[in-house]
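Everything below concerns the one structure shown next.
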Amino acid sequence: MIGVSTILKRDVKRAARSGGTWAYGLVFMVIFLTLSAIALDGEMSTLRRLGVPLIWLAVTFATLMSADRAFSEDIKDGTTGQLWLGGFGYLEQAGSGIFAFGLIHLLPLIITAPLWSVLFDLNSETVIGLVAALLLAFPGIAAFTALAGALTGGQGKGGFLAIFISAPLLVPILIFGVAASQAYAITGWAAVEFRALAGLSLLALAVSVPATAAALAANTDR
Amino acid sequence: MRFISYLANPARFLRFSKYATPIAGWLALALIGVGTLVSLIFSPPAIEHGQTVRMMYVHVPAAWCSMAAYTAIAVASLVSFVWRHNLADSVARSLALPGAAFTFLALVTGSLWGRPAWGTWWQWDGRMTSVLVLLFIYIGYMAIWNIVADRRQAARLAAIVAMVGWLNIPIIKFSVNWWNTLHQPATISEPGAPGLPFELLLPLLLMALGYTALLAWFALRGTEAELAELKSQRAATNKPASVKLETVTHD
Amino acid sequence: MTGTATLKLTDVDIIRGHRTLISALTLTLDRPQLLWVEGGNGIGKTSLLRTCAGLSQPASGQVAWALNEESCKAPDAVAFLPADTYNKSGLTTLESAQFWGADLGTVDMESHATTRTERLSTGQAKRLSIANLIAAEKPIWILDEPLAGLDASGREDVTALLSEHISNDGIAIVASHTPIPVANIFTQRLTLG
């Protein structure tokens, strides 16, 4: 019987054997941050101030760049339809696909964020706030990006379009994510931004799972 | 709802649109024409904004229509998604371009107005920012229609995009407003308040109604055009396959 | 296999893009049989098969499935073998089979257990997909060009599998350019032209 864990195991195994393509997002993130620091003249006082928003942007864009990995291959080769016939419905596929996508393409970016924060000389409170906020945003970012991947997954040149579709949806998470990251150093865990971010993130997930399932069904109907 | 299902039949829709389309078109022309005259000649310059207040008569209805068009797209998408009405797709699709154009117009006129009012072309204030994000949502919606080759598939995927976008618009608005009030002091006072004098309200209303009629004309005209295109393509392409069923005897 | 299955198409229209492929097709399969679907390229064989499998929605009309005269959903009754492989690169043959709960022994592929699926030949890849088909244990098999890419012994194996499936009260819908040499099996030919 196919379940969430079967899908996760398959995707993680394939990512590990893909010759490092899963890490492209990570590489993109580091390049983006390096170029940002260079463009900002390497001025530490500026970088310290802009570190949090820049890391948020890097995480968001690196995830968006991977959007076409979310469901595209399964849609194109017919696995989506086969899983549905095998009793693993579109809703379950949407949920496990979003989770697997987040685990492989987003989580490494979040876990390594403290490492890149060194480039911006961020203090430890800010780094804690940043990582906590990114973790809270994890479901939301993964869900909206994977949704865009499911919507465009049947198309040859879907990658760019996926960015068009998910970027506007990510605006609230970006706003509250950056705010929450910075709020920790001032107000600690009680900061209202954390609660708002968690709410937005879960709301994004709740909207995305059925929408992704509908997109998978629509892409199978061909 | 009954009205929608009545119109879901293409033949009935064409009978309706034969009259409704020209009515909407001429109404739009007349209202916008009179509205322009009134707003340019009869309406007085406002005390705090001077002559630039006339920008309002383009800006406010455009902003209003950008949202109204998107709401109409979302409703049509819901009808198309749940009841699989082809006409609803056509309506939604036909509204996307004028909706995006109104959004763009609202941004441009807002910027032109902002220059004398705030001394800058652009402000990251809550309203302008969320209208800009709305323009991005429109672009994503139109892009789906353009990139997906199969019409039925495009309609379903675009409908999902429209509905998810619509659910998110209030959240985006709320977030941007929160962000704006946190980081920046309120910058403008628009003369859009309830206490608006009649001389200003009249052209505003005329223009808003005219723009709405224009949107209706776009929706009707676009749907008619798509129906005609579908019909000609169906007629031009091959007949369905003949089907023959027979029992095979093994020898 | 549990009991008998039914597949019923009522007034089905299939439209792709702007082309009407099939119009007002009514068809009932309610006893063990082979339905051989024949027709030129692009005539709509695959679209018909996908519609019968519930993967695609007909533009109008109904497709209904039943198990023991009780109506059910497509995934309860149908297994589908697409013309192209859906095996994943990066997995071994055994891992792929395990993912789908399939047994390599049913298609004589144990000797390739550790081979990556991307290194399999067309025929071997097809055998792997057939293992998934068998493992699904569904009464209605829908097969798109199952003989393509197989050697003589592979074709014999597939024919034998089909005979066995239908003798066990199964239904098989097969799109093929060549006849399927099953003997003593009730066979109908649906020609699209």
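Note on naming: letters A, B, ... go to the chains in the order of the sequence lines (proteins, then strands), and numbering restarts at 1 for each one.
Using a cutoff of 4.0 Å between basic side-chain nitrogens and carboxylate oxygens, A:D77 and C:K88 are scored as salt-bridged.
Considering only heavy-atom pairs separated by less than 4.5 Å from chain C, the leading option among A:K9, A:E73, A:R10, A:Q82 is A:Q82.
In summary, the side chains of A:D74 and C:Y86 do not present any donor paired with an acceptor at a separation below 3.5 Å, with no hydrogens or angles considered. Between the side chains of C:D169 and C:T4, no donor N or O sits under 3.5 Å from an acceptor N or O. For the residue pair A:S72 / A:K76, a side-chain donor-acceptor distance below 3.5 Å is found, with atom types taken as modelled.
Looking at C:S89, both its backbone and its side chain come within 4.5 Å of chain A, counting heavy atoms on both sides. For C:Q98, no part lies under 4.5 angstrom from a heavy atom of chain A. Contacts of C:A136 with chain A are absent, with no heavy-atom separation under 4.5 Å from either backbone or side chain. Within the 4.5 angstrom heavy-atom criterion, atoms from both the backbone and the side chain of A:T79 approach chain C.
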Show your reasoning for whether ring-ring contact (aromatic ring centres under 6.0 Å, His included) applies to A:F61 and A:W56. CA-CA 9 Å; A:F61 279 118; A:W56 265 93; over 10 Å; no
